[in-house]
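One structure below.
Chain identifiers are assigned alphabetically (A, B, ...) following the order of the sequence lines, protein sequences preceding nucleic acid strands; residue numbering begins at 1 within each chain.
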Amino acid sequence: MGFAASVIFGLAALFAIAWALRTGARATFSGQARSLAHDIPLTASFGLLVIAIYTFVAIAAPILAPFPEREIVGGQFQAWSAAHPLGTDRIGRDMLSRLIYGARNTVGIAFATTALAFVVGAILGLWAALVGGWLDQALSRFVDALMAIPALIFSLLLLTIFGTSVLTLILVIAAVDATRVFRLARAVAQGIVVMDYIEAAKLRGEGSWFLIRREILPNAMAPLVAEFGLRFCFVFLAISSLSFLGLGIQPPTADWGSMVKDNATLITFGDVTPLLPAGCIALLTVAVNFVVDWQLHRASGLKEQ
Amino acid sequence: MIALRIALGVGLLFIVSLVIFGATELLPGDLANELLGQSATPETLAALREQLGLNDPAPVRYWNWLTGALTGDFGVSLANGRPISELIGARLGNTVFLALYAAALSVPISLILGILAALWRNSIFDRMANAGALTAISFPEFFVAYILVLWLAQTGLFPSMVRINPTTTFGDRVYMTFLPALTLMLVVTAHMMRMTRAAIINLMASPYIEMARLKGMSPLRIVLRHALPNALAPIINVIALNLAYLITGVVVVEVVFVYPGLGQLMVDAVSNRDIAVVQAVALIFAAAYVALNLLADVLSTITNPRLMHRR
């Protein structure tokens, strides 16, 4: 199986580059950056390298892609060739170009959604923990009720009601995910709001917004950052799944989930091309998971000292 | 204790039904407006409102919907006017079959792998299993499904599409549903295995295990007879959570394998914006989810005497 071999070779090459970069970083940096480079495991440096590559591709997509995202440039389902390195899709668009633009669309939308879910969920969670009382009870019970419905099912219900467009997709997934962020932010903040410095700030007459922003948030940052990585993975997979089901990002926008769906017929003929976008999704999720794993390990290690 | 938990579960189910029904009330206009869109004339709007019963106040409509759902009458589909119970009928059985099949494959395998990983912790086997689990969690379901199609269906061993009708025999069903069930198994096994391993390793540090070890018992016997019974509660919880996860996994997998189940029905209904069908299927999925979580709580209470006979 030549293709499997080239995938394994590609991953090995990425690991080798990650290893080389880590060694290089250890040699060149000094001080804090050096100690960071010293205890980073190979998996995490691999993860960081992959994330860096995806970010670069997403930003430089128009320069890297040989053809425009939406233009029909050849026949349907053309095989891999010099002109179209990964062939063409169902209606004759260049696969490689769409794969490259997909990095921008799919990852960008997933990132925006996670960020929105975090802003809403974290602020509400910290606020609920700070104010307490009936507001906390009302918000928490409301979130409990929403979380009793499986996330994908609830998203599907909301998408039926509001229709499928990129904006509603972002809002719906962010709303569903904000409930999970709310839970974590509230749990973390509950340990913080009983501290003396919060009491002192309250006696100084500071308002809620100041307390959340300047007193609670900096102390709740570490678990929230690790959670951001995990949430990004979930959101990314959720959006890809919905796009795969034809209910997420709509054509002609290039998107990895719907690219798999559109060209899936090729798989039954033994062609691996439609698996490439799915592989891109999987690789990024694994990479983020590796980095989060390292961060969690680091955070727990610091606590023990 | 258990009665209280069950009562809470029923209450939760009631709230869930309220959320599922209430979600439609979030529409800026109303359902009739949304369905007809630009082409609406006042007459058709009024007719559709009458047909959907939108002229009644919301609490009345909710009551009618809920009592109907409890007796198996979910109303009619907005897309083709057929009764929803008829659409759901056979599909519900198919989906339950697929979920149970996947559970029957994944629960024993993940328990065995988890116990072995705990027994041989920090060995090559343990590390491979852990890395494999982390990777499997990161893969989208459709990726796993298509890899299986590419490898197994290509060889002609298993069909890549599931054609089930009421006359299909049980053996054929098991054979044809193998690939979807295998996909679901691969997706949920990782998490269950990791949690089984963690639960057992957690217990291995406790004094009574040390005592058993000092008595000269074999490691396998210690794990099976001493650690496992006490690790049951967390393991049951994780199994139930993953079975609940199967509910959402089923949606994507059914679409990949063109499996005639509830997930496929729901996806079709969402793209048609057939809100009545979506509500009905969402209620069934959510009820199964709540019920599984309830079952997990009850079972872990039963397996733990300290929770069962609380002073």
Side-chain angles (χ1 to χ4, degrees), chain A residues 1 3-4 43 141-142 144-164 233-234 236-247 256-257 260-261 264 266-272 274-275 277-290 293, chain B residues 9 12-13 15-16 18-20 23-28 31 34 131 134-135 137-147 149-151 153-154 160-161 244-245 247-249 251-252 255-256 263 266-275 277-279 281-286 288-290 293:
Chain A
M1 189 117 190
F3 182 74
T43 49
R141 294 297 83 79
F142 179 63
D144 283 349
L146 293 190
M147 281 178 70
I149 306 172
L152 180 65
I153 305 298
F154 196 43
S155 319
L156 287 177
L157 179 69
L158 291 181
L159 282 177
T160 323
I161 294 166
F162 297 111
T164 44
C233 288
F234 283 119
F236 187 48
L237 288 179
I239 288 182
S240 310
S241 297
L242 286 175
S243 302
F244 171 76
L245 296 175
L247 308 169
W256 290 339
V260 178
K261 169 85 168 173
L266 284 182
I267 296 175
T268 42
F269 299 110
D271 188 338
V272 291
L275 282 180
C280 290
I281 296 168
L283 182 63
L284 181 61
T285 337
V286 173
V288 174
N289 263 327
F290 278 156
D293 226 34
Chain B
L12 187 60
L13 205 52
I15 294 171
V16 165
L18 208 59
V19 171
I20 290 176
T24 44
E25 304 296 311
L26 292 173
L27 276 176
L31 196 56
E34 195 70 25
L134 195 63
T135 320
I137 291 173
S138 319
F139 281 10
E141 288 104 349
F142 55 86
F143 187 44
V144 178
Y146 279 129
I147 288 179
V149 168
L150 191 65
W151 280 356
Q154 271 298 299
S160 62
M161 276 191 195
Y245 178 80
I247 293 170
T248 45
V251 176
V252 174
V255 170
V256 173
M266 184 168 191
V267 171
D268 289 345
V270 176
S271 32
N272 292 337
R273 301 196 66 183
D274 189 345
I275 187 85
V277 173
V278 174
Q279 274 180 330
V281 180
L283 187 67
I284 293 176
F285 276 138
Y289 188 73
V290 170
N293 277 311

Check each atom of [X] against the heavy atoms of chain B and say whether the ones under 4.5 Å are side chain, backbone, both or neither.
X	result
A/Phe234	neither
A/Leu156	both
A/Phe236	neither
A/Leu247	side chain

Heavy-atom pair count under 4.5 Å with chain B, highest-scoring of [options]:
options	result
A/Ile149, A/Ile153, A/Leu283, A/Thr43	A/Ile153
A/Gly257, A/Ala278, A/Ser241	A/Ala278
A/Leu158, A/Thr285, A/Thr160	A/Thr160

What do the steps show when you test A/Leu152 against A/Leu242 for side-chain contact (heavy atoms from CB on, under 4.5 Å), and what is the final call? CA-CA 8 Å; A/Leu152 180 65; A/Leu242 286 175; 3.9 Å; yes
Under a 4.5 Å cutoff for heavy-atom pairs, which residue among B/Val281, B/Val252, B/Val256 has the most contacts with chain A? B/Val252
Closest-packed option against chain A by number of heavy-atom pairs under 4.5 Å, given B/Leu18, B/Val290, B/Ile15, B/Ile20: B/Ile20
Turns out that what part of B/Val255 lies under 4.5 Å from chain A's heavy atoms comes down to side chain
With a 4.5 angstrom heavy-atom cut-off, is it the side chain or the backbone of B/Ile147 that approaches chain A, or both, or neither? both
Using every non-hydrogen atom in the two residues, find where [X] and [Y] come nearest and quote the distance to one decimal.
X	Y	value
B/Val16	A/Ala148	CG2-CB, 3.6 Å
B/Phe285	B/Gly263	CZ-N, 4.1 Å
A/Pro277	A/Pro274	CD-O, 3.3 Å
B/Met266	B/Ala282	CE-CB, 4.1 Å

Can you tell me how the ring of B/Phe142 sits relative to the ring of A/Phe244, calling it parallel under 30°, perpendicular over 60° and tilted otherwise? parallel
Could you go step by step and tell me if A/Val260 and A/Trp256 meet the side-chain contact (heavy atoms from CB on, under 4.5 Å) rule? CA-CA 6 Å; A/Val260 178; A/Trp256 290 339; 5.7 Å; no
Judged by atom type as modelled, is there a donor-acceptor pair below 3.5 Å linking the side chain of B/Asn293 to the main-chain atoms of B/Tyr289? yes
